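To start, the structure under review is shown below, and the notes come after it.
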Amino acid sequence: MTNSQRLAELGIELPDVVAPLAAYVPAVRTGNLVYTAGQLPIQAGELLATGKVGAEISPEQGNELARVCGLNALAAVHALVGIDSVVRIIKVTGFVASAAGFSGQPGVVNGASELFGEIFGEAGAHARSAVGVSELPRNAPVEVEIIAEIA
């Protein structure tokens with residue numbers, strides 16, 4: 001089964017690529033790897049939420065927002081090389097704008113990690129960092145970037 005077929009089976013549509021907010025491109029290929037820029041939880045051109053996880057944003061909301069970030073990262077990969085060329089998700093880095101004392105970053109970033117597992121199965125198992133930060137662009141609660149191996 002191709003990655004496109006798996007997405008269709010799951011009822012998941014990749015969104016349009018989010019336009020860069022500054023001087024960078026959404027994804028870059030080098031050899032058989034694609035690196036994405038950090039992706040915010042933007043849907044249809046709108047940031048879905050603002051604030052810090054553990055204050056204005058619940059961990060559960062943060063998890064859902066991380067899933068949107070993951071979809072946006074896959075959209076960037078797809079626009080560059082096509083989703084069916086993805087062999088494996090190698091690395092996920094998630095940044096969580098965290099309220100003082102919030103330490104649940106791994107659970108938030110699971111929103112993206114679990115998405116990759118749903119779509120790619122074992123090939124979605126990846127190395128990961130889940131980092132708490134004080135601020136993210138546009139006051140976003142979460143940002144996700146990935147490295148994908150391609151055929």
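As the structure is a prediction and not an experimental result, all values here were calculated from the model. All values below were derived from every heavy atom in this structure, side-chain atoms included, with hydrogens, water molecules and symmetry-related copies excluded.
Note: T93 OG1 to Y35 OH = 10.5 Å, rounded to the nearest 0.5 Å. Rounding to the nearest 0.5 Å places CD1 of I89 at 4.5 Å from CZ of F120. A distance of 9.5 Å separates NZ of K91 from NE2 of H126, quoted to the nearest 0.5 Å. Annotation: the span from L33 atom CG to I90 atom CD1 amounts to 6.5 Å, rounded to 0.5 Å.
Considering every non-hydrogen atom in both V109 and G94, the closest pair reads CG2-CA, 3.8 Å. A125 and R88 get closest at one heavy-atom pair: O-NH2, 2.8 Å. Between F95 and L136, the shortest heavy-atom distance links the atoms O-CD1, 3.5 Å. A pairwise comparison of heavy atoms in N72 and P15 identifies OD1-CG, 3.2 Å as the closest pair. Taking each heavy atom of P41 and V142 in turn, the nearest pair found is CD-O, 3.2 Å. The minimum heavy-atom distance between Q39 and A76, with the atom names listed, is NE2-CB, 4.4 Å.
Between S113 and the choices R128, R67, E118, the side-chain hydrogen bond (donor to acceptor under 3.5 Å, both in side chains) rule is met once, by R128. Under the side-chain contact (heavy atoms from CB on, under 4.5 Å) rule, I146 has a single partner from L74, V86, V34, which is L74. Among the candidates I12, L71, T2, the single residue satisfying the side-chain contact (heavy atoms from CB on, under 4.5 Å) test with L7 is I12.
For the residue pair E56 and T50, no side-chain donor N or O sits within less than 3.5 Å of a side-chain acceptor on the partner. For the residue pair K52/S134, the side-chain donor-acceptor check at 3.5 Å is not satisfied.
A donor-acceptor pair is defined here as one N or O able to donate and one able to accept, closer than 3.5 Å; such a pair exists between the side chain of R29 and the backbone of G31. Formation of a donor-acceptor pair under 3.5 Å by the D84 side chain with backbone atoms of N3 is found in this model. Side-chain atoms of H78 come within 3.5 Å of backbone atoms of I83 as a donor-acceptor pair (strictly under, hydrogens ignored). Side chain of N63 to backbone of G107: a donor-acceptor contact under 3.5 angstrom is found.
Note on V81 and V18: separate hydrophobic clusters, where clusters join Ile, Leu, Val, Met, Phe, Trp and Tyr whose side-chain heavy atoms are under 4.5 Å apart, directly or indirectly. Criterion: ILVMFWY side-chain heavy atoms under 4.5 Å apart, direct or through other members. Under it, I42 and V17 are not part of a common hydrophobic cluster.
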*asked:* As a quick check of understanding, evaluate side-chain contact (heavy atoms from CB on, under 4.5 Å) for V68 and E64, giving each step before the final call.
replied: CA-CA 7 Å; V68 173; E64 286 299 314; over 6 Å; no
*Stepwise, does the side-chain contact (heavy atoms from CB on, under 4.5 Å) test hold for I57 with F102?*
CA-CA 11 Å; I57 306 294; F102 179 73; over 6 Å; no
_For L21 and L40: C-alpha separation, side-chain torsions, deciding distance, then whether side-chain contact (heavy atoms from CB on, under 4.5 Å) applies._
CA-CA 10 Å; L21 302 177; L40 301 179; 3.7 Å; yes
*Criterion side-chain contact (heavy atoms from CB on, under 4.5 Å) on E145 and C69, from CA distance to verdict*: CA-CA 8 Å; E145 63 185 36; C69 295; over 6 Å; no
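No more than 12 heavy-atom neighbours from other residues, nucleotides or ligands sit within 6.0 angstrom of CD on E122. More than 12 heavy-atom neighbours from other residues, nucleotides or ligands sit within 6.0 angstrom of CG on N32. Counting non-hydrogen atoms of neighbouring residues, nucleotides and ligands closer than 6.0 angstrom, the CD atom of E13 reaches no more than 12 such neighbours.
Counting heavy atoms from C-beta outward, L10 and I119 have side chains that approach closer than 4.5 Å. A heavy-atom distance below 4.5 Å is found between the side chains of Q105 and S98. Looking only at side-chain heavy atoms (C-beta outward), V133 and V96 stay at 4.5 Å or farther from each other.
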